[in-house]
Structures are given as C-alpha cells and as structure tokens.
Q: 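A single structure is presented below for examination.
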2 protein chains.
Amino acid sequence: MSVTDQSIPVKTRLLQSALQLVREQGYDGTTVDELCRSAGVTKGAFFHYFEGKEALAIVATKFWTEVTGAAFAVADYHKFEDPLDRLLGYVDFRIEILEGRSLAECTCFLGTLVQEKFISSPTIRDACLEGIDSHARDISKLIGEAKMRHAPLAVWGAESLALHTQAVIQGAFILAKAKNDVTIAADMIRHLRRYIELLFHCTDET
Amino acid sequence: MSVTDQSIPVKTRLLQSALQLVREQGYDGTTVDELCRSAGVTKGAFFHYFEGKEALAIVATKFWTEVTGAAFAVADYHKFEDPLDRLLGYVDFRIEILEGRSLAECTCFLGTLVQEKFISSPTIRDACLEGIDSHARDISKLIGEAKMRHAPLAVWGAESLALHTQAVIQGAFILAKAKNDVTIAADMIRHLRRYIELLFHCTDET
DNA sequence: AGACACATACAAACCAGTTGGTATGAAATC
DNA sequence: GATTTCATACCAACTGGTTTGTATGTGTCT
C-alpha cells in the first residue's frame, strides 16, 4: 500500500505524502511540486483540494492527530488495570514505535512543523499546538489517575508531567536526528520512564 | 550594540544575523538577501566571506558553539565545590537564561537547524552534532564527577544522562514554541532538575 | 600598482499559485 | 429515455516573483 496506491483517494495521498516529506525535509524544504510527484498527482489536483501550501499544512496537522490518535487509542497499554502500569505502558509503547523504523518514519510531524513555522505562521503554530495538546490531554488523564491512586499528595501536577513526557519525546527526536541514530531516542525515553518510576516510588522526596 | 553596528566585522555581523534569523524562521525560511539586509551588508559581501548558504551554516554552527561555550564557561555554577551542586546549578542556569528573553533569543540554533536539515544536508547535520556533543561532553564531565562522589554504583551512565539533559532542553523549546510561551520551557527543565535530584537521592531505587 | 573588501547588476533556476482546459457522472429538463 | 446542464475531479502549461549564486566594477589601504 504505497502512497501512490490508486485505491487511496487523491486528497489522502497528498496528506500522507505531506506527513512523510515534511518529516524528512521540513516544511519550507518540501515543494508543492515534489509533494504532487510523491503522491502521483498533478498540481491541478493539489490546488483543487487545498487553497494553498499553508492550508494543506493545517489539514495535515488534523490528519496527523487523527491517525496517531487512533494508533494510541487501540494500543495495548490500555489493558492494564493499574493506571500507573498504563502510564509506563504508554512510555514503553513510545519506545516500541521506534523499533525498525527510520527517523523520518517515527518522528513527530507536529514537532518538526512547529519548530520551523512558530513565528512565520501563527495559523500553523496553533494547529500544531492543538494536536500536541490533544495528545497531552490523554496522557494527562492517565497520569492523573495514576497519581490519584499512588501519589495523591505529590507536589507535581499531572498536566505539567504530561507536557514533560512530550518534551522528552520531542527532544529525543532532535538528538536522534543529530546523531542519525534512532536508538538514542529510546535511551532518552528510558530516562523518562525512570523519572516516572522515581516520582511514584520516592514520594517522600517530592 | 545592534547586529548592524559598524564596529563589528562584516563576517561576524552575518553570523550573528544567521543565528537570529534561523532561530526565528528556520534555515530554508531564511534567504541570503534577508540575511544581508539584517546584517546591513550587500550580497557581494556575503559571497566574499562564504562560499554559499550551506557553508555559512557550517561556520555558524562553530560560531554558535564558541559563543555559547564561552557563556557557559564563565557561568556562576562552576563556583560550587560539590559537583552535584554544579550540575544542579547548570540546570538552574538553563532556566535563568530563559527569563526575559523571547523564544527566538533563548532557543538552540543547532536544534533548530538539525531538525530541518538532518537528511537533506549531512554536512550540516554533522556540524550540529559536533556542537551538541561538545556541550554534552562538558555536562557529562559534570555528571561523572557528581556520580563519582554521590552515586558511584548507580546503573545509569553519565554520558547518557548528559544527552538526556540536552533532549529535555530541546524538547522544552519545541513545546514553548508551540505554546508561544517561554515559561513552559522552564517548567519542563524543572522536571529535569527533579529527575536529577531523585537520581542522586533515591539511589536505592536505581 | 596590486591586493583586499566590498558594491551593483545580472543570470539561471526554482517555486507557489493561475489559467484554461478535459473527462465523468449526476441531476434537471424536454 | 434522451438530452442538456452543471458540478466535481482532475490535468498540463504557464506566469510572476523569488532565490541562490556570478560577473564585474569601485574604492581603499599598503
């Protein structure tokens, strides 16, 4: 099921190509022509479905949020009864995702996009923020439940820790890109796992 | 002392403009013309000093590494006798740097650049890696000393933890950009601080 | 006079977006 | 039920502006 598969609608193919190419080359580094070539459509088709490049970026952030949201929704870690196990399961899942994938395949479209356009396009920035926040809210809920059961008096907030998990993951991707080595990202996320374990097991310290 | 200050050499002005503009707009989003305008020089001057845009980027990474390296070298946190205090002082210093600064002024040139060009320009990627690693080595040394004194048996490695500090900081910048709020980066780095404290104070758990 | 440090003008490629069209199918009209 | 009408989904060529880079000129210092 390549991205040029004729059975996939043109609009979807363009969005899939956008996710891939932007993660590989950045937003400004990806031309509309290239996007069309990758999706196997012409420029006419592109401008039929999207008002312009920026509009595509906005739609792509929503597309990304849906696709990844669905992947997390069906992931195994939800099966654990203890919310702390679910939280640690989530972190393990983030590590699993890295395995056997190229960097561009496992890094975050939103993080890549927002770093490049956070000033030059507030519209894109807001769209990225919504996607990131949407996922962070899910994680915050997980953390809140784990906190309620295991560390109700802890000083740190669930929301803040949820954002921290996302920060670590985003930062892990940057280091992995610099080192051209996905495994380094896993190492960084394992530190996050240890941090969470310490937060829940050394409550006297917080 | 603006970047167009006539007393600063043209080449330096171009490099300073590059650091600023790339952090604001990204590499591909910054044109050579814009760079020249910002530095108050003409295109002739630009191509007199640099072979091209990519060559400038390489030199800019070295410039960045020197400038920031010097800033960290003279920072206060080195005064502490206990290496753990120096390490925590470093983290606090990273938080201090954020205060009163705009996002583009306090984020990392290398992280921004490498995320955009890690595939399309291996040369730039390597230059960014060298800068990041150079700083990480300094932090790794700090951590190694702290570990030797306070947690010699800990399972985590100094180098890995040093990279993790950089990952957290880079990721903090991405979230801050998405939220358009520098203070969120400080929150993320405070989690890093707590992680380090826990690592050194709950050694039985590791 | 010759080297260096720039400035100005220009070229060649590139890129987002436009224009003007075709093919197809569905709905309205006769 | 045949025909016209119209909207949708695309396609290919083109345009105007931008971008990196070059070629050549000019002033200055030694």
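Convention: sequence-line order gives letters A, B, ...; per-chain numbering from 1. Only a predicted model underlies this, so the values are computations on that prediction, with no experimental measurement involved.
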Q: Kindly give the atom pairs (protein nitrogen or oxygen, nucleotide nitrogen or oxygen) under 3.5 Å for nucleotides 26-30 of chain D.
A:
none

Q: Checking B:Val59 now: which residues fulfil side-chain contact (heavy atoms from CB on, under 4.5 Å) with it, not counting sequence neighbours?
A: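 B:Val59 satisfies side-chain contact (heavy atoms from CB on, under 4.5 Å) with B:Leu15, B:Phe50 only.
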Q: Report the residues that fulfil side-chain contact (heavy atoms from CB on, under 4.5 Å) with A:Glu96, sequence neighbours left out, ordered by chain and then residue number.
A: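 In terms of side-chain contact (heavy atoms from CB on, under 4.5 Å), with neighbours along the sequence ignored, A:Glu96 is linked to A:Phe93.
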Q: Under the rule for ring pair (Phe, Tyr, Trp, His ring centres under 6.0 Å), what residues qualify as partners of A:Tyr195, not counting sequence neighbours?
A: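 A:Tyr195 satisfies ring pair (Phe, Tyr, Trp, His ring centres under 6.0 Å) with A:His164, B:His191, B:Tyr195 once adjacent residues are dropped.
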Q: Expressed as a whole number of angstroms, how long is the span from A:Glu34:CD to C:dC14:C1'?
A: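 My rounded result for the distance is 12 Å.
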Q: What orientation do A:His150 and A:Phe200 show, parallel under 30°, tilted 30 to 60°, or perpendicular over 60°?
A: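 Aromatic pair A:His150/A:Phe200 classed perpendicular.
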Q: Using nucleotides 16-20 of chain C, report all nitrogen or oxygen pairs with the protein that are shorter than 3.5 Å.
A:
residue, atom, partner, partner atom, Å
C:dA16, OP1, A:Lys53, NZ, 3.3
C:dA16, OP2, A:Val32, N, 2.9
C:dA16, N7, A:Lys43, NZ, 2.8
C:dG17, OP2, A:Lys53, N, 3.0
C:dG17, N7, A:Lys43, NZ, 2.9
C:dG17, O6, A:Lys43, NZ, 2.6

Q: Would you kindly give the CZ-to-P distance between A:Phe50 and C:dC15, to the nearest whole Å?
A: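 Nearest whole value for this atom pair: 20 Å.
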Q: Can you name the ring pair (Phe, Tyr, Trp, His ring centres under 6.0 Å) partners of A:Phe80, sequence neighbours left out?
A: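 With neighbours one apart ignored, the set is empty.
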Q: CG of B:Leu87 to OH of B:Tyr77: how many Å apart, nearest 0.5 Å?
A: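 One finds 9.5 Å between CG of B:Leu87 and OH of B:Tyr77.
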Q: Measure the distance from CZ on B:Arg37 to C1' on D:dT19 and round it to the nearest whole Å.
A: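 Rounding to the nearest Å, CZ of B:Arg37 and C1' of D:dT19 are 12 Å apart.
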Q: Rounding to a whole Å, what distance do you find between A:His48:NE2 and C:dG21:C1'?
A: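 Rounding to the nearest Å, NE2 of A:His48 and C1' of C:dG21 are 14 Å apart.
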Q: Taking the six-membered ring of A:Tyr27 as reference, does the cationic atom of A:Lys53 (NZ for Lys, CZ for Arg) lie under 6.0 Å from its centre and within 45° of its axis?
A: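 Judged by the rule (NZ or CZ under 6.0 Å from the ring centre, within 45° of its axis), A:Lys53 counts as positioned above A:Tyr27.
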Q: Could you check if a side-chain atom of A:Lys179 sits within less than 4.5 angstrom of a side-chain atom of B:Leu129, using non-hydrogen atoms only?
A: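 When only atoms from C-beta onward are counted, B:Leu129 and A:Lys179 do touch, with a gap below 4.5 Å.
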Q: Take the protein atom CG of B:Leu56 and the nucleotide atom C1' of D:dT19, then report the distance between them rounded to whole Å.
A: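 Rounded to whole Å, this separation is 15 Å.
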